[in-house]
2 protein chains.
Amino acid sequence: MPEVPPPAPTGDALLKVLSALGNPHRMRIIAALTENRNYVSALAREIGMGRPLLHMHLQRLEAAGLVVGTLELAEDGKAMKYFEVTPFFYELTPHTITRAAATITEKADPAERADRTAKEEAK
Amino acid sequence: MPEVPPPAPTGDALLKVLSALGNPHRMRIIAALTENRNYVSALAREIGMGRPLLHMHLQRLEAAGLVVGTLELAEDGKAMKYFEVTPFFYELTPHTITRAAATITEKADPAERADRTAKEEAK
DNA sequence: GAGATGTGTCAGAAATCTTTGACAGGTGCG
DNA sequence: CGCACCTGTCAAAGATTTCTGACACATCTC
């Protein structure tokens, strides 16, 4: 079975991944969860961070598709949300960035082209 | 000549790269400069963005080591700063992130906040 | 000199992201 | 019931990032 090359991610998706990973706390969260999956409260204690804050970071990572959380019921009936990292893979080169940049649906686009060229000096 | 495997970047370096790339404008700047090098003012017109703003973005990209700028004197004597992308290559996987996370010198580190650790064992 | 080009920087507004503390559930146990 | 866990959300404060409009300086051309 030949290794299939990773599909090119859309600009917005890659943007989410990069901004999600570009944060020391979230990087550490990925590191902690890579070693072994864990539930929110325990993870919060492990890396010394408040639950609400960790919750938000996990949400950001999950939105980027880097981790997944599943709500499981323990034997004693308590509900705990376990998080684990997804086996992601991204290659960052000028080429991949260029390719991704072409498909960005951020703000501003419909009304803009070659009209605001010599506008700043015109005062 | 065998291809040398890319060296593992330090946590702080990777952090800079990721947060630099995790921005739509900077991604487009990389895309534009990948096609051909350019000087600040022309690039600003090309992607429709104010010079001061572009200047700041280029600074961020250069600090991350993704682009380099060289001040050159044109034939007519005008000084123009040409920017071009560096052939960077980063592999993003749970493993590389974990490895990088171990070497982060961001805020909080000198004194590990391990004070409420006695309670978590009470499971 | 005026005008067009290039460079750079600065201060403050605007928009975002990060962080904290309080609250509102739920379960099982002594 | 009260305590010890778990889950989640919210509002407001705090810290950063992003963006804009001046400003200053240089060169070449008219």
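Computed from a predicted model, the values in this text were never measured in an experiment. Order of the sequence lines fixes the chain letters, A, B, ..., with proteins taken first and strands second; residue numbering starts at 1 for each chain.
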Given atom CG of A:L58 and atom C1' of D:dC6, what is their separation to the nearest angstrom?
15 Å
Can you list everything that forms a ring pair (Phe, Tyr, Trp, His ring centres under 6.0 Å) with B:H25? Sequence neighbours excluded, please.
B:H57
Length of the CG-C1' vector between A:N23 and D:dT17, whole Å:
13 Å
Spell out protein contact along nucleotides 22-30 of chain C as letters: B when the base is contacted, S when just the sugar-phosphate is, - when no protein heavy atom is under 4.0 Å; keep the 5' to 3' order.
B----BS--
Residue A:M80, side-chain atoms from C-beta onward, closest of D:dT9, D:dC6, C:dT18:
D:dC6
Are B:L21 and B:F89 co-members of a hydrophobic cluster defined by side-chain heavy atoms under 4.5 Å apart?
no
Starting from B:M49, can I reach B:Y39 by hopping between I/L/V/M/F/W/Y residues whose side chains sit under 4.5 Å apart?
no
Counting only non-hydrogen atoms, which of residues 60-71 of chain B are less than 4.0 Å from DNA chain C?
none
Main-chain N/O of B:S19 paired to B:R26 side chain as donor or acceptor, under 3.5 Å:
yes
Taking the side chain of B:K81 as heavy atoms from C-beta outward, which of C:dT19, C:dG8, D:dC19 is closest to it?
C:dG8
Kindly point out which of D:dT18, C:dT18, D:dC6 is positioned nearest to the side chain of A:R45?
D:dC6
Under 4.0 Å: is that the gap between some side-chain N or O of B:H55 and OP1 or OP2 of D:dC19?
no
Between B:T34 and A:T98, is any side-chain donor less than 3.5 angstrom from a side-chain acceptor?
yes
